[in-house]
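Basis for what follows: all heavy atoms, side chains included, without hydrogens, waters or symmetry-related copies.
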Amino acid sequence: QPALWYFSFDANAGNITLTFSETVNVDTFYPPALTLQSISNRTATTITYTLTSGVVLTANSTVVVLALSSTDRNAIKALSPLASSVSTTYLSHTSSLVKDMSGNMATAIPPSAALLASNFTPVTTPVSLVNFTIDLNQGTLTFNFNETVNYNTFNVPQFTLLSANVSLQLAGTASPPLNTTTIVITLSFDTLNTLKSLPLCTPGSQNCYLNFTS
């Protein structure tokens, strides 16, 4: 039976590299058998996430590199501090994870004794804003990012709406209060009224741009 000896987690690339005791058949690799845990001995309060999918990047070998799906990557980032450092990155799995070249199923690692990551690479690539929409009736701006953002670091005054001739620094509140790929700003009363009085972001126009600091 193939046994998982150790693994590394690359949060920046979105990969998990797993090293087994013997060559495994990657065609039998089943990502949903893997569960990330924030501690070794799972309890009712342990932060966990079970993978939904993934793509194996390697051929049959003792080492398997799994590329996480964007859905799983964003979901994991939303569950901070899960998989945010070596000390919060543990892995358990069922016997259906993979088979060896003779068809033997893997030796399971139970959630009561999850394996600690041997190496961890943090996220270093900056998050990017994909697009934004504005609703003057609701007084909101909706931001869509390419990956999960940390809600606690979201700073509304860092954003400025501008056109060729005018600009307006935003003030308001952000929601929802959780890590996600979409953040909505509800503009303050004064900011919304000022925006409506300016030749800025008027319906059907091309005079609505956004500037922000990192």
Start with the C-alpha gap between S53 and T71, add the side-chain angles, then the distance that decides, and say whether side-chain contact (heavy atoms from CB on, under 4.5 Å) holds.
CA-CA 9 Å; S53 61; T71 297; over 6 Å; no
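- The side-chain heavy atoms of L66 and F7, taken from C-beta on, include no pair separated by under 4.5 Å.
- Contact annotation: the side chain of Y90 never approaches that of I109 to less than 4.5 Å [non-hydrogen atoms, C-beta and beyond].
- The two atoms that bring A106 and Q1 nearest to each other are O-NE2, 4.2 Å, heavy atoms only.
- To the nearest 0.5 Å, atom NZ of residue K77 and atom CG of residue N150 are 11.5 Å apart.
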- Task: Begin from the C-alpha positions of N12 and T125 and carry the test side-chain hydrogen bond (donor to acceptor under 3.5 Å, both in side chains) through to its verdict.
- Result: CA-CA 7 Å; N12 192 59; T125 304; 3.0 Å; yes
Going through the distances and angles, do V64 and V24 end up as a side-chain contact (heavy atoms from CB on, under 4.5 Å)?
CA-CA 8 Å; V64 175; V24 294; 3.6 Å; yes
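- Nearest heavy atom pair, residue T160 against residue S167, reads CG2-CB, 3.9 Å.
- Under the 4.5 Å side-chain contact rule for hydrophobic residues, V166 and L195 share a cluster.
- Contact record, P110 with A108: CD-O, 3.8 Å, taken as the closest heavy-atom pair.
- When atom types are taken as modelled, the side chain of S102 and the backbone of N104 share no donor-acceptor pair closer than 3.5 angstrom.
- When atom types are taken as modelled, the side chain of S96 and the backbone of A33 share no donor-acceptor pair closer than 3.5 angstrom.
- Rounding to the nearest 0.5 Å gives a distance of 7.5 Å between CD1 of I183 and CG of L178.
- Following chains of ILVMFWY side-chain contacts shorter than 4.5 Å, one can reach L115 starting from L34, so the two form part of one hydrophobic cluster.
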>> For L18 and V98: C-alpha separation, side-chain torsions, deciding distance, then whether side-chain contact (heavy atoms from CB on, under 4.5 Å) applies.
In response: CA-CA 11 Å; L18 308 100; V98 71; over 6 Å; no
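- Judged purely by atom type and a 3.5 angstrom limit, Q158 has no side-chain atom pairing as donor or acceptor with the backbone of F212.
- Linking ILVMFWY residues whenever their side-chain heavy atoms come closer than 4.5 Å, directly or via other members, places F9 and V86 in the same cluster.
- In this structure, the separation between OG1 on T202 and CG on N207 is 4.0 Å, given to the nearest 0.5 Å.
- Looking at L51 and I76, their side chains come closer than 4.5 Å, going by heavy atoms from C-beta outward.
- Put simply, the side chain of N60 gets close to the backbone of V26: a donor and an acceptor are under 3.5 Å apart.
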Just do the side-chain contact (heavy atoms from CB on, under 4.5 Å) check on L97 and F20 with the steps written out, would you? CA-CA 11 Å; L97 174 62; F20 293 90; 3.9 Å; yes
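- Across every non-hydrogen atom of T194 and S197, the tightest pair is O-OG, 2.7 Å.
- Among all heavy-atom pairs drawn from F120 and A11, the shortest one is CZ-CB, 4.0 Å.
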Task: Test log, rule side-chain hydrogen bond (donor to acceptor under 3.5 Å, both in side chains), inputs T50 and T35 - done: CA-CA 4 Å; T50 299; T35 297; 2.8 Å; yes
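- Pairs engaging residues 109-209 under the disulfide (SG to SG under 2.5 Å) rule: C201-C208 [sequence neighbours left out].
- Inter-residue side-chain proximity for N41 and S112 is flagged as met; some heavy-atom pair is nearer than 4.5 Å.
- Follow the hydrophobic side-chain contacts under 4.5 Å out from L198 and you reach L136 in the same cluster.
- Using a 4.5 Å heavy-atom cutoff, the side chains of T153 and Y151 are not in contact.
- Between L36 and L82 the shortest side-chain heavy-atom distance falls below 4.5 Å.
- Not one N or O on the side chain of Q37 forms a donor-acceptor pair closer than 3.5 Å with the backbone of T46.
- Looking only at distances, no side-chain donor or acceptor of N15 sits under 3.5 Å from a matching main-chain atom of V65.
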Notebook entry, point to check: For F159 and F143, what are the C-alpha separation, side-chain angles and deciding distance, and is it a ring pair (Phe, Tyr, Trp, His ring centres under 6.0 Å)?
Noted result: CA-CA 11 Å; F159 293 85; F143 300 91; 4.8 Å; yes
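- Of the candidates V156, T140, L141, L141 is the only one forming a side-chain contact (heavy atoms from CB on, under 4.5 Å) with L187.
- Each of I185, L161, T142 was scored for a side-chain contact (heavy atoms from CB on, under 4.5 Å) with I134, with one residue passing: L161.
- Judged by distance alone, the side chain of T88 and the main-chain N or O of S84 form a donor-acceptor pair under 3.5 Å.
- One N or O on the side chain of D72 and one on the backbone of T52 form a donor-acceptor pair closer than 3.5 Å.
- Hydrophobic clustering keeps V184 apart from V149 (ILVMFWY residues linked when any side-chain heavy atoms are closer than 4.5 Å, directly or through intermediates).
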(message) Set out, in order, the CA-CA distance, both residues' side-chain angles and the distance that settles side-chain hydrogen bond (donor to acceptor under 3.5 Å, both in side chains) for T180 and T182, then state yes or no.
(response) CA-CA 6 Å; T180 180; T182 301; 5.1 Å; no
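- If you take OH on Y209 and CZ on F132, they are separated by 9.5 Å, rounding to the nearest 0.5 Å.
- K99 is linked by a salt bridge (Lys or Arg N to Asp or Glu O under 4.0 Å) to nothing, counting only residues two or more places apart in sequence or in another chain.
- The shortest heavy-atom contact between P81 and I47 is CD-CD1, 3.5 Å.
- Screening residues 161-201 for ring-ring contact (aromatic ring centres under 6.0 Å, His included) gives no qualifying pairs among residues at least two apart or on separate chains.
- Rounding to the nearest 0.5 angstrom, the gap separating the OG atom in S163 from the CD atom in Q206 is 12.0 Å.
- Between the side chain of T148 and the backbone N or O of N179 there is no donor-acceptor pair closer than 3.5 Å.
- The 12-atom threshold is not exceeded at OH of Y30, counting heavy atoms of other residues, nucleotides or ligands nearer than 6.0 Å.
- Taking CG from N211 and CG from L170, the interatomic distance works out to 10.5 Å, rounded to the nearest 0.5 Å.
- Within 6.0 Å of atom CD in E22, more than 12 heavy atoms from other residues, nucleotides or ligands are found, so the atom counts as buried in its surroundings.
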